[in-house]
Trainee: 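Please read through the structure below; I'll follow up with questions.
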Amino acid sequence: MYIIIVGAGDIGSPLINIATRTGNEVVVIEQDTRKAEEIASEFDCLVINADATIKETLEDAGADRADAIISTTDQDATNVMVCLLSKEFEIPAITSVVHDAAHMNLFRQIEVNTVENPQQLIAEHLYRAVARPAIVDYMRIGEDAEVFEITVTEDAPVAGKTLTEAGEEGILPNDVLIVAIGREGEDRPLTPRGNTRIQTNDLLTVYSAAGANPNLTDIFGHYEDQTA
């Protein structure tokens with residue numbers, strides 16, 4: 001893909017790293033000269049040291065042939081302007097960081113993809129690492145629902161049970177689904193069925209409509225979350 005990344009700060013720099021490593025053609029627009037020089041020396045990409053809110057800058061970046069543009073600056077006003085200009089070039093995929101939740105409606109009105117308040121997301125992940133130590137990784141869906149990964153311990157109530165048995169015996173709540181099972185010796189995650197038996201040390205991907213509370217992590221044998 002031909003990707004334009006606006007901003008080379010705390011969010012933009014890791015994104016540039018990922019985009020270049022995976023073989024994309026990347027153009028970076030960064031107004032700060034020092035940051036622009038650092039990116040140019042570190043990554044295999046074209047760096048334009050200019051203001052991305054000026055239409056000519058996007059023209060120089062090849063916006064007319066870009067597959068995607070991602071605006072990552074720390075100013076919502078700048079990101080909005082970049083997105084509006086990108087619309088004029090008819091870039092297929094336009095994505096922006098949004099720092100202030102009060103501005104989300106504006107971004108929705110111009111119909112661009114958004115990532116809301118990355119700092120808040122990082123803070124939530126850090127808190128979750130302390131409050132729910134049993135959880136390997138998680139993603140929030142809406143206000144309450146979550147998808148998370150968790151291992152099954154030897155003394156877990158669900159260990160040794162098929163999914164059907166766990167449901168019939170009331171071990172797994174109705175609003176909880178086992179989405180995938182990572183198992184030692186298997187090349188790829190297993191797709192669970194009713195007769196799939198949960199084993200000790202399985203890495204489960206779990207959907208919970210009510211989130212990952214301590215009562216739920218108990219089911220997988222992680223009682224430490226009760227005191228976390």
Side-chain angles (χ1 to χ4, degrees), residues 1-108 110-130 135-141 146-149:
M1 286 196 301
Y2 188 103
I3 304 174
I4 299 173
I5 298 174
V6 179
D10 293 339
I11 299 169
S13 293
L15 178 60
I16 294 164
N17 182 28
I18 294 169
T20 53
R21 277 194 295 107
T22 50
N24 297 287
E25 186 175 359
V26 178
V27 178
V28 177
I29 304 174
E30 172 54 59
Q31 194 167 8
D32 183 281
T33 302
R34 180 185 59 80
K35 288 182 181 178
E37 291 174 349
E38 289 177 356
I39 294 299
S41 65
E42 187 174 352
F43 299 104
D44 182 18
C45 61
L46 172 64
V47 181
I48 300 175
N49 181 204
D51 183 354
T53 64
I54 298 174
K55 189 174 183 178
E56 287 73 15
T57 301
L58 292 182
E59 289 176 346
D60 293 340
D64 59 337
R65 62 189 182 93
D67 298 300
I69 185 167
I70 308 171
S71 192
T72 71
T73 80
D74 58 4
Q75 298 295 320
D76 285 347
T78 299
N79 294 332
V80 166
M81 190 63 190
V82 169
C83 292
L84 287 171
L85 289 173
S86 300
K87 288 281 187 178
E88 295 186 24
F89 288 96
E90 299 182 349
I91 298 176
I94 303 172
T95 301
S96 177
V97 170
V98 183
H99 296 278
D100 189 338
H103 299 154
M104 281 297 296
N105 191 50
L106 176 58
F107 283 87
R108 292 192 184 101
I110 62 176
E111 298 180 337
V112 299
N113 297 321
T114 57
V115 177
E116 185 178 354
N117 198 340
Q119 290 80 8
Q120 180 67 26
L121 294 176
I122 293 170
E124 288 180 2
H125 275 271
L126 291 172
Y127 175 76
R128 177 51 60 95
V130 174
I135 293 174
V136 179
D137 196 7
Y138 89 104
M139 178 179 67
R140 185 177 297 280
I141 301 175
E146 292 180 356
V147 175
F148 61 93
E149 292 183 338

Trainee: Closest approach of V82 and S86, non-hydrogen atoms and distance?
Mentor: O-OG, 2.7 Å

Trainee: Please round to the nearest 0.5 Å and tell me the distance separating atom CD of E111 and atom CG of N113.
Mentor: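 Going from CD on E111 over to CG on N113, the span is 10.5 Å.
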
Trainee: Provide the closest heavy-atom pair for I94 versus C83 in the form atom of the first, atom of the second, distance.
Mentor: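 In terms of heavy atoms, the two residues are closest at CG2-SG, 3.8 Å.
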
Trainee: When you measure from the side chain of H99 to the backbone N and O of T73, does any donor-acceptor pair fall under 3.5 Å?
Mentor: yes

Trainee: Which pair of heavy atoms, one from A50 and one from I29, lies closest together, and at what distance?
Mentor: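 In this case the closest contact between A50 and I29 is O-CG2, 3.6 Å.
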
Trainee: Please determine whether the number of non-hydrogen atoms from other residues, nucleotides or ligands lying under 6.0 Å from atom CD of E56 exceeds 12.
Mentor: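 Yes - once you tally the heavy atoms of other residues, nucleotides and ligands closer than 6.0 Å, there are more than 12.
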
Trainee: Per the side-chain hydrogen bond (donor to acceptor under 3.5 Å, both in side chains) rule, what does the pair list look like for residues 39-50, sequence neighbours excluded?
Mentor: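 For residues 39-50, and leaving out neighbouring residues, the side-chain hydrogen bond (donor to acceptor under 3.5 Å, both in side chains) pairs sorted by first residue read T33-N49.
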
Trainee: Looking at every heavy atom in both N24 and M1, which two are closest together, and how far apart are they?
Mentor: OD1-N, 3.2 Å

Trainee: Ignoring hydrogens, what is the shortest heavy-atom contact between F107 and V97? Give both atom names and the distance.
Mentor: CZ-O, 4.2 Å

Trainee: To the nearest 0.5 Å, tell me how far I3 CD1 sits from T22 OG1.
Mentor: 6.5 Å

Trainee: Hey, can you pull the donor-acceptor pairs under 3.5 Å for the side chains in residues 57-68, sequence neighbours left out?
Mentor:
residue	atom	partner	partner atom	Å
T57	OG1	D51	O	2.7
D67	OD2	Y2	N	2.8

Trainee: To the nearest 0.5 Å, tell me how far E88 CD sits from L85 CG.
Mentor: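 One gets 5.5 Å once the value is rounded to the nearest 0.5 Å.
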
Trainee: To the nearest 0.5 Å, what is the distance between CG on N105 and NE2 on H103?
Mentor: 11.0 Å

Trainee: Could you tell me which non-hydrogen atom of C45 sits nearest to which non-hydrogen atom of V26, and how far apart they are?
Mentor: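 That closest heavy-atom pairing would be CB-O, 3.2 Å.
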
Trainee: Could you state the interatomic distance from CD1 (I5) to CD (E30), rounded to the nearest 0.5 Å?
Mentor: 11.5 Å

Trainee: Just verifying a value: how many Å separate L106 CG and L84 CG, rounded to the nearest 0.5 Å?
Mentor: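 If we round to the nearest 0.5 Å, L106:CG and L84:CG are 7.5 Å apart.
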
Trainee: Going by atom type alone, with no hydrogens or angles, which donor-acceptor pairs under 3.5 Å involve a side-chain atom of residues 6-17 and a protein atom two or more places apart or on another chain?
Mentor:
residue	atom	partner	partner atom	Å
S13	OG	A8	O	2.9
S13	OG	G9	O	3.0
N17	OD1	R21	NE	3.3

